[in-house]
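Side chains included, hydrogens not; waters and symmetry mates left out as well; all remaining heavy atoms used. This chain uses plain numbering: 1 for the first residue, then up along the sequence.
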Amino acid sequence: MKRITSIKTRITIWYTTLMFILIVVVLSLVGGLSYQLSIDSIEKDVILQVTQVTEKLSKRQTDIFDLVDNKEEFKNVSIYGAGGKYIVGQYIYDVSNIPFEEGVPRKESINGKEYIVYDIRTPSPPRMHGGFWIRGVESVNSTMLLGKSAIIIMLILIPLILLLTALGGYYITKRAFRPVNNIVKTANEISSQNDIKQRIEINPDAKQDELHNLSLTLNHMLDKIENLINQEKQFTSDASHELRTPISVILAQGEYLLEIAENEKEKELAKNIVDKANQVSKLVSRLLFLARIDQNRQKFNKEKVDVGVLVDIATDSLRTLAEQKGILFLTNIPDDIIVEADEALLLSAITNLISNGIKYGKESGNIVISASKCGESTEIVIADNGIGISGEHLDKIWTRFYRIDDVRNDEYGSNGLGLSMVKSIIDLHGGKISVKSELGSGTEFRILLNE
């Protein structure tokens with residue numbers, strides 16, 4: 001079962017559960033106390049009536065029988081003879097079979113109903129032998145009925161109270177966590193749009209609580225991160241520009257030395273200089289390209305481009321390199337695959353992916369290049385049957401300067417910028433690129449471009 005992860009939901013459940021426990025405890029205490037107070041009140045009323053009748057009998061008031069039989073205030077009192085025989089009284093309860101017990105108010109059950117019974121023994125009036133039992137009896141059924149009614153009302157009201165409590169608690173919690181939603185929203189936008197310039201929106205009239213301080217702290221942190229990124233971009237751009245001239249000089253001098261070399265040793269040294277200078281020149285060119293994209297200075301001219309033509313140009317430029325390893329190009333591209341793109345940039349991305357397929361492909365292997373329409377989008381697939389990439393590296397291959405194997409990459413002159421450049425080009429087109437690979441089974445790149 002999936003656990004509830006929303007903090008708002010968890011707080012609401014905790015709050016509602018606590019309120020439920022408190023309501024049950026309070027209502028139970030109030031109900032029990034009210035019931036006991038009602039019993040105490042009944043006992044006091046019965047004792048008072050019996051005591052008043054006893055006092056009148058002790059003063060030899062012979063009309064006490066008429067008084068007990070007719071007066072409303074003594075409606076719960078009856079008089080019995082010394083042997084327990086009923087003499088006079090108003091109530092109709094059949095309590096003659098209950099043993100008499102002097103001076104102790106108690107609860108008795110008669111035919112399934114509860115009563116408070118109180119007895120007092122008193123001497124008889126003049127000209128009468130023996131004594132009397134004065135018994136007060138009052139039903140507690142009305143109190144019990146009231147208690148049952150209260151319980152029913154509680155059972156009806158508790159769910160309603162809990163519902164209102166849960167709704168109110170969730171609403172209050174939702175309002176309290178609104179700054180958190182802003183933080184999450186901003187973080188998602190920064191992640192999806194790669195826009196470090198965005199900041200968490202802070203209401204100037206908001207209370208300066210912990211979440212307000214957290215938003216300020218995160219905005220301050222984003223300011224520092226943006227500043228560091230801008231410094232890194234500026235450094236990359238400046239360094240690349242500064243390196244272009246000396247690299248051009250080194251390349252020109254190396255080519256000159258290669259021309260005037262008098263023996264194989266000198267030719268080999270000059271060729272190494274030219275190769276390394278070309279490698280560094282390629283690195284600098286890619287750094288400048290990425291710097292222009294980072295600073296939104298890269299020229300981008302969209303036009304209708306035939307994907308089939310681009311693939312033909314890319315494969316023709318790489319055919320000699322592919323033939324050296326016996327790799328075949330297998331293409332499957334219909335004639336009508338047209339996309340809106342910058343021709344030079346998209347050609348660079350496709351060429352780079354095919355070049356990777358050649359570098360890391362198997363001897364006498366193949367590279368399959370296909371394209372198709374997917375609704376309103378165009379999908380370009382470049383797949384090889386080479387050495388592949390292990391799963392632990394797949395999420396990192398788009399990172400600049402990330403190299404899976406330094407030895408292997410040095411062998412092919414890789415600098416870890418090719419795939420990063422490809423992704424930047426596809427992102428610039430508003431498209432998506434994904435990779436699927438398995439070590440030893442080859443790699444497949446999929447480019448999805450919108451119309």
Side-chain angles (χ1 to χ4, degrees), residues 194 196 225-301 313-314 316-318 320-322 324 342-360 396-428:
N194 292 324
I196 197 66
I225 293 174
E226 182 184 7
N227 186 47
L228 290 173
I229 291 175
N230 288 336
Q231 289 179 10
E232 184 268 334
K233 290 178 180 178
Q234 189 62 46
F235 171 78
T236 302
S237 178
D238 294 344
S240 300
H241 279 290
E242 292 297 326
L243 288 172
R244 293 185 73 179
T245 299
I247 290 172
S248 298
V249 172
I250 294 172
L251 184 59
Q253 295 292 335
E255 290 174 346
Y256 175 71
L257 290 175
L258 186 60
E259 290 178 1
I260 64 173
E262 296 181 351
N263 53 58
E264 290 300 321
K265 183 65 174 178
E266 290 179 355
K267 286 183 179 181
E268 183 180 354
L269 291 173
K271 186 176 183 302
N272 285 337
I273 293 173
V274 171
D275 289 343
K276 293 301 180 182
N278 279 323
Q279 186 176 337
V280 175
S281 177
K282 184 178 180 181
L283 169 63
V284 171
S285 297
R286 288 182 172 179
L287 285 173
L288 284 172
F289 172 78
L290 292 172
R292 287 194 297 269
I293 288 182
D294 290 338
Q295 298 170 2
N296 295 320
R297 294 188 294 106
Q298 174 62 40
K299 293 181 180 179
F300 185 70
N301 301 313
I313 295 173
D316 287 343
S317 66
L318 297 170
T320 301
L321 183 62
Q324 292 175 1
D342 185 297
E343 183 175 8
L345 294 180
L346 187 57
L347 175 60
S348 176
I350 293 174
T351 301
N352 193 287
L353 293 176
I354 297 175
S355 175
N356 275 357
I358 296 173
K359 289 178 183 178
Y360 308 118
K396 305 173 185 176
I397 61 174
W398 313 110
T399 304
R400 296 178 187 181
F401 296 107
Y402 182 80
R403 299 195 296 182
I404 298 173
D405 185 338
D406 289 341
V407 175
R408 183 179 70 178
N409 284 283
D410 285 341
E411 179 184 351
Y412 296 114
S414 175
N415 48 46
L417 288 176
L419 291 178
S420 178
M421 187 180 70
V422 170
K423 188 174 189 310
S424 295
I425 290 173
I426 302 305
D427 289 343
L428 197 62

Side-chain atoms of residues 266-274: list all donor-acceptor pairs with protein atoms under 3.5 Å, sequence neighbours left out, distances to 0.1 Å.
| unit_1 | atom_1 | unit_2 | atom_2 | d |
| --- | --- | --- | --- | --- |
| E266 | OE1 | E262 | N | 2.8 |
| K271 | NZ | D275 | OD2 | 3.0 |
| N272 | ND2 | E268 | O | 3.4 |

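- Atom CD1 of I426 is separated from atom CG of L353 by 7.5 Å, given to the nearest 0.5 angstrom.
- For the side-chain contact (heavy atoms from CB on, under 4.5 Å) test, residues two or more places apart in sequence or in another chain that qualify with T351 are A314, S317, L318, L347.
- A distance of 11.0 Å separates CD1 in I250 from OG1 in T245, rounded to the nearest 0.5 Å.
- With rounding to the nearest 0.5 angstrom, the CE atom of M421 is 9.0 Å from the CG atom of L345.
- Distance alone, capped at 3.5 Å, is enough to place a donor-acceptor pair between the D342 side chain and the N301 backbone.
- At a threshold of 4.5 Å between non-hydrogen side-chain atoms, the residues S348 and I425 count as touching.
- When every heavy atom of I397 is checked against every heavy atom of L419, the shortest pair comes out as O-CB, 3.6 Å.
- Every residue two or more places apart in sequence or in another chain was checked for a side chain to side chain donor-acceptor pair (under 3.5 Å) with N263, and none qualifies.
- For the residue pair I247 and A277, the shortest heavy atom distance occurs at CG2-O, 3.8 Å.
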